[in-house]
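Chain letters run A, B, ... following the sequence lines, proteins first and then strands; every chain starts at 1.
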Protein chains: 2
Amino acid sequence: MTGRKILIVDDESSIRDMLRVALEMAEYDCLEASNAQDAHAQIVDEKPDLILLDWMMPGTSGIELARRLKRDEVTAGIPIIMLTAKGEEDNKIQGLEVGADDYITKPFSPRELVARLKAVLRRADPQSNSSPILVNGLCLDPVSHRVTINKQLVEMGPTEYRLLEFFLTHQERAYTRSQLLDHVWGGNVYVEERTVDVHIRRLRKALTVDGHEDLVQTVRGTGYRFSTRIEA
Amino acid sequence: MTGRKILIVDDESSIRDMLRVALEMAEYDCLEASNAQDAHAQIVDEKPDLILLDWMMPGTSGIELARRLKRDEVTAGIPIIMLTAKGEEDNKIQGLEVGADDYITKPFSPRELVARLKAVLRRADPQSNSSPILVNGLCLDPVSHRVTINKQLVEMGPTEYRLLEFFLTHQERAYTRSQLLDHVWGGNVYVEERTVDVHIRRLRKALTVDGHEDLVQTVRGTGYRFSTRIEA
DNA sequence: AACTAGTGTGACAAACTTGTGACAGTCACG
DNA sequence: CGTGACTGTCACAAGTTTGTCACACTAGTT
């Protein structure tokens, strides 16, 4: 299992069915939506790893939804593949201008679609390709769902693991508590901002081997940052 | 590519489409026929490695075609999986009496179908995957269908054996309960996720020799993992 | 130095997750 | 038919995690 979630957004159920079969065979988890409203709700709640988005839909169009998603910081990073009809080159260009990561033209081969999808996922997050992330002896392996420091097993809870995973895939960048809540807890939770501080403390405590707790740094007045640059 | 050719015989094009997508994703070559005459011609001409045969079809029925194929020396060796409607136990028995190698009930999960298909092909061609797996003195031998720890025979039920077999062929990787259900129980079962926990307990109990139960590890909030790395 | 805003910390209750013993139902076998 | 093995489920026990809060401490400003 890839542990990846793909959202299929298309009003035609036969297309959704076909895509679901293909993606399940390739061991992705599938979500489905037949319109933009459903899609948006699922994107916020479920945080899919990639969205397959039909160009043309009743009500809010796919292109409009893509535009909205790319404008919102929380969802901007989710890769989008537009599904377009044959012969509509203008749609492709417009899709790419809006920020879609790729397009694929109906009718398409399931194998081609999965290959394209894999390529987009690889591009979107080169470090999250099921390979371990290694920083100064700190290692997070998504496949075995395990963290080690200098080969030594490190215990932590699920939330701390997710926080560390987020930090390791977004290094050298400061995030507010609010942003961390959205990215790590999800956009639909009601949690005090100060709770982030408590989990930061728990993560730091778990990482207290050979000074690795210092990788998680406070940015006073802003929030936190994961950085390999340690001030003396 | 597996180099294997599968013939899909079903009068419903939506079923054929779904099966084709699933099988192509699994890298099989597909042939299709919507009736028994077409099917028979393709079987003679193309010599598929396995036939997926719908029970019920207009004109000559699937069961009749199966009977004919099993009677003919040229085609008798081709494995047949009957596709039956839910609730028709008599059909299943009749199919197996006629010589079908397995049956699968609509609606079915593509993943289960491919797993079944692989099992049938493996049976038809027994020269595959029969070497014992050895981990820290724990040994699973698929040929004798036996498990030992440090040469000591270990008793366990069929489900625990299958679970262990899955783990030994997928080490160092965390799986959710849902994934374990799909892989070990099959995709078309209706079993509570918590049942996995009970079987994990039973497997751990069976492996309680020299601490081997610790190889089956809980990944809290996710599921389970089989790993040779043991917490201190 | 005093003050204030911001962050760290210990502790706790509630919620959640996993482990366990037990049981009923089913099935294969003698 | 009786019996033992197997399976799935359930209620309760045990263990862990989570979010919150009051207080302590620190950094920055005046």
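When the nearest nucleotides of DNA chain D are assigned to Arg220(A) and Val191(A) by heavy-atom distance, the more 5′-ward of the two goes with Val191(A). The nearest heavy atom of DNA chain C to Tyr224(B) and to Tyr224(A) marks one nucleotide each, and the one closer to the 5' end goes with Tyr224(A).
Close to dG19(D), at under 4.0 Å from its OP1 or OP2, lies a side-chain N or O of Trp185(A). Side-chain N/O atoms of Thr218(B) include none lying less than 4.0 angstrom from OP1 or OP2 on dT17(C). A close approach under 4.0 Å does not occur between any side-chain nitrogen or oxygen of Thr195(A) and OP1 or OP2 of dT18(D).
Between Asp197(B) and Arg177(B), at least one side-chain nitrogen of the basic residue sits less than 4.0 Å from a carboxylate oxygen of the acidic one, meeting the salt-bridge criterion. Taking a cutoff of 4.0 Å between a charged side-chain nitrogen and a carboxylate oxygen, Glu64(A) and Arg67(A) qualify as a salt bridge. Glu160(B) has no carboxylate O lying under 4.0 Å from a charged side-chain N of Arg202(B), or vice versa, which leaves the two without a salt bridge.
Spacing between atom CZ of Arg225(A) and atom C1' of dT7(C) amounts to 15 Å, rounded to whole angstrom units. Put simply, NE2 on His199(A) is 9 Å from P on dT20(D), counting in whole angstrom units. Atom CD in Gln217(B) sits roughly 15 Å away from atom C1' in dT18(C) (whole-Å rounding). The distance between atom CD of Glu193(B) and atom P of dC10(D), rounded to the nearest whole Å, is 14 Å. Summarising the geometry, the separation between CG on Leu203(B) and C1' on dT18(C) is reported as 16 Å, rounded to the nearest angstrom. Computed from coordinates, the His145(A) NE2 to dT17(C) P distance equals 14 Å when rounded to whole Å. Following rounding to the nearest Å, Lys205(A) (NZ) and dT18(D) (C1') show an atom-to-atom distance of 15 Å.
Checking Tyr28(B) against Asp49(B) by side-chain atom types alone, no donor-acceptor pair falls below 3.5 Å.
Between Asp54(B) and Met82(B) there is no side-chain heavy-atom pair separated by less than 4.5 Å.
Every residue was checked against the salt bridge (charged side-chain N to carboxylate O under 4.0 Å, His left out) condition with Arg204(A), not counting sequence neighbours, and none meets it. Under the side chain to side chain donor-acceptor pair (under 3.5 Å) criterion, Ser227(B) pairs with Arg146(A), Glu172(B), sequence neighbours left out. Every residue two or more places apart in sequence or in another chain that forms a salt bridge (charged side-chain N to carboxylate O under 4.0 Å, His left out) with Asp17(A) is listed here: Arg20(A).
Among the heavy atoms of the strands lying under 4.0 Å from Val219(A) are primed sugar atoms or P, OP1, OP2 only; no base atom is included.
Of all the residues in residues 155-165 of chain B, Gly157(B), Pro158(B), Thr159(B), Glu160(B) reach under 4.0 Å from DNA chain D with at least one non-hydrogen atom.
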Find every protein N or O atom lying less than 3.5 Å from an N or O atom of nucleotides 20-24 of chain C, and list the pairs.
unit_1: dG21(C); atom_1: N7; unit_2: Arg201(B); atom_2: NH1; d: 2.3
unit_1: dG21(C); atom_1: O6; unit_2: Arg201(B); atom_2: NH2; d: 3.3

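Residue pairs meeting the salt bridge (Lys or Arg N to Asp or Glu O under 4.0 Å) criterion with at least one partner in residues 212-223 of chain B, sequence neighbours excluded, do not occur; the list is empty.
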